[in-house]
Amino acid sequence: MPVWTSLKRSLSVLKTSVNRENNHKKVKPMPFFSIHFVMLFGSLCLAWGLRYGWQNSNDVTYPASWQMRWQKALVCFVLPPLLVVMTAIAVLCMGAEGQMIGLQAGRLSYAIALIFLIYSMVRSGQLAWSGWQSLQKLQEMVTDFEDANSVNQPIRLLNMPMLFAAQIGFWRSQLFVSQGLLDTLDADHLEAVLWHERAHAHYRDTFWFFWLGCLRQVMPWLPNTQALWEELLLLRELRADRWAAQYTDGLLIAESLLAMVSSNMHSTPTFAAAFGATNTDNRLEERVSFLLAEPEPLPQFSWRSLFWIGFSLLPLTVLPLHY
């Protein structure tokens, strides 16, 4: 009997200690401080720092090459907001329950991530809808269709007096040219404009800049968002100018650019790549100087840029640590 009694007491003590340990583990998570909050707040701080760092690196006293400008502007524009988006997706995949590295998941931060992703999809959908509506309006203004031309791309003629030429659309963009442009420019200058627009179709600029525009719409409050956006637009136009200069005289492109900008100043939407898309006099001067200077090599695909942008996928790699 004493043996059974002592054994029962030992089991009772062991059970009590196990219950206490489980009670300690089931501590209520703090409403704000959770693994989700740490991930979201950390990604926001990192995104802010990466964007702010572009301002310090863009020093005119230490001019960078054209290729380096592309890499810096693209990485600094894409990586910060994409990092936050991927972090929100990782939080959504983890769910509102569980823990990771000793920190509990939080329902509040999970809800914030969900709301942010819904907001991002809505903003991107609005941008796509706006582009589709504008494309439909332009289609209604088309008066003629020319299939045979020097740049081997169909031209849709618009009944507009203003000087206008642009690639509009997404993956397969369409070339729109105004009647005013045909009436104003001679054959050589018109061909220079068409080759510039053909360059935008060659690089699928309307498609890629639509997605860049989505990132811009989702997090416009990050530092240097507008400055980086204008830098990418300028580099896009310089690349198209350089590509077109392979088939026509750069002086003709510069003269056509001056004629269009001086005749009408208009803004173009995100899904359009217009020939006269130059926001300031400084950028217009840079485009003209670039065309008249010694031709530089066209920027090539950079694995380094892809490598840095790939860091935005890091939040997804911690998913196996969540349980």
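Everything numeric in this text was worked out from a predicted model, so none of it was measured. All residue numbers refer to positions in the sequence shown, counting from 1. Only this structure's heavy atoms are used, side chains among them; waters, hydrogens and symmetry mates stay out.
Donor-acceptor pairing under 3.5 Å is recorded for the side chains of R51 and T225. Under 3.5 Å, the side chains of E230 and Q226 contain a donor-acceptor pair of N or O atoms.
Annotation: W208, atom CH2; neighbour count of heavy atoms from other residues, nucleotides and ligands within 6.0 Å does not exceed 12.
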Query - Evaluation steps, side-chain contact (heavy atoms from CB on, under 4.5 Å), between V177 and L194 - result: CA-CA 9 Å; V177 176; L194 296 181; 4.0 Å; yes

Requested in this report: Run the numbers on V85 and I89 for side-chain contact (heavy atoms from CB on, under 4.5 Å), then give the verdict.
Outcome: CA-CA 6 Å; V85 170; I89 292 176; 4.1 Å; yes

Query raised in the report: Going through the checks in order, is the side-chain contact (heavy atoms from CB on, under 4.5 Å) test met by L235 and R239?
Result: CA-CA 6 Å; L235 293 172; R239 182 177 63 179; over 6 Å; no

Report task. I would like to know whether L175 and R156 meet side-chain contact (heavy atoms from CB on, under 4.5 Å); could you show each step before the answer? Result -> CA-CA 6 Å; L175 177 57; R156 288 161 174 79; over 6 Å; no

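Using a distance-only test at 3.5 Å, with no hydrogens or angles considered, no donor-acceptor pair links the side chain of S173 to the main chain of T206. No side-chain donor-acceptor contact under 3.5 Å links T184 to the backbone of L181. In terms of modelled atom types and a separation under 3.5 Å, the side chain of D186 and the main chain of H189 share a donor-acceptor contact. In this structure, the side chain of S124 does not engage the main chain of M121 through any donor-acceptor pair within 3.5 Å. Formation of a donor-acceptor pair under 3.5 Å by the Q246 side chain with backbone atoms of W243 is found in this model. In terms of modelled atom types and a separation under 3.5 Å, the side chain of S178 and the main chain of M162 share a donor-acceptor contact. The backbone N or O of G131 lies less than 3.5 Å from no partner atom in the side chain of S134, so there is not a single donor-acceptor pair.
Between the CG atom in L258 and the CG atom in L284 there is a gap of 5.5 Å [rounded to 0.5 Å]. Remark: Q71 CD to L306 CG distance equals 11.0 Å, nearest 0.5 Å. Between M39 atom CE and S43 atom OG the span is 8.0 Å, to the nearest 0.5 Å. Atom CG of L182 sits about 7.5 Å away from atom CD1 of I155, to the nearest 0.5 Å. Atom CG of N224 is separated from atom OH of Y52 by 8.5 Å, given to the nearest 0.5 angstrom. Between H200 atom NE2 and H196 atom NE2 the span is 3.0 Å, to the nearest 0.5 Å.
Under the ring-ring contact (aromatic ring centres under 6.0 Å, His included) criterion, no residue pair touches residues 79-123, with sequence neighbours excluded.
Two rings, from F176 and F164, have their centers 6.0 Å or more apart.
With a 4.5 Å cut-off on side-chain heavy atoms, M94 and V318 count as touching. Side-chain atoms of R242 and F290, non-hydrogen and from C-beta on, do get closer than 4.5 Å to each other. A heavy-atom distance below 4.5 Å is found between the side chains of V75 and I309. Annotation: side chain of Q126 is not in contact with side chain of S130 (no heavy-atom distance under 4.5 Å). Residues I253 and D249 fail the side-chain proximity criterion, which asks for heavy atoms closer than 4.5 Å. Considering only heavy atoms from C-beta on, M141 stays 4.5 Å or farther from N159 through its side chain. Annotation: side chain of P80 is not in contact with side chain of W48 (no heavy-atom distance under 4.5 Å).
Classification of E286 and R69 as a salt-bridged pair holds, one side-chain N sitting under 4.0 Å from a carboxylate O.
Note on ring orientation: taking the six-membered ring where Trp is involved, the planes of F307 and F311 are perpendicular (angle over 60°, cut-offs 30° and 60°).
In this structure, L127 and G213 approach most closely via the heavy-atom pair CD2-C, 3.8 Å. When all heavy atoms of S312 and L79 are compared, the pair lying nearest together is N-CD1, 3.6 Å. L185 and A259 make their closest contact through CD2-CB, 4.3 Å (heavy atoms, listed as atom of the first residue, atom of the second, distance). Of all heavy-atom pairs between V193 and S256, the closest is CG2-CB, 3.6 Å. The two residues G250 and L291 have their closest heavy-atom pair at O-CB, 3.9 Å. Contact detail for P81 and L215: the closest heavy-atom pair is CG-CB, 4.1 Å.
Checked options F207, W211, F210; the residue passing with W171 is F207 (criterion: ring-ring contact (aromatic ring centres under 6.0 Å, His included)). For the side-chain hydrogen bond (donor to acceptor under 3.5 Å, both in side chains) with Q153, the lone residue among Q167, E197, Q174 that qualifies is Q167.
With sequence neighbours left out, W70 forms a side-chain hydrogen bond (donor to acceptor under 3.5 Å, both in side chains) with no residue at all. Here Q133 pairs with W129 under the side-chain hydrogen bond (donor to acceptor under 3.5 Å, both in side chains) rule; sequence neighbours left out.
In this structure, W221 is not a member of the same hydrophobic cluster as I115, with clusters built from ILVMFWY side-chain heavy atoms closer than 4.5 Å.
For the pair R236 and Y203, the cation does not sit on the ring face, since its NZ or CZ is not both under 6.0 Å from the ring centre and inside 45° of the axis.
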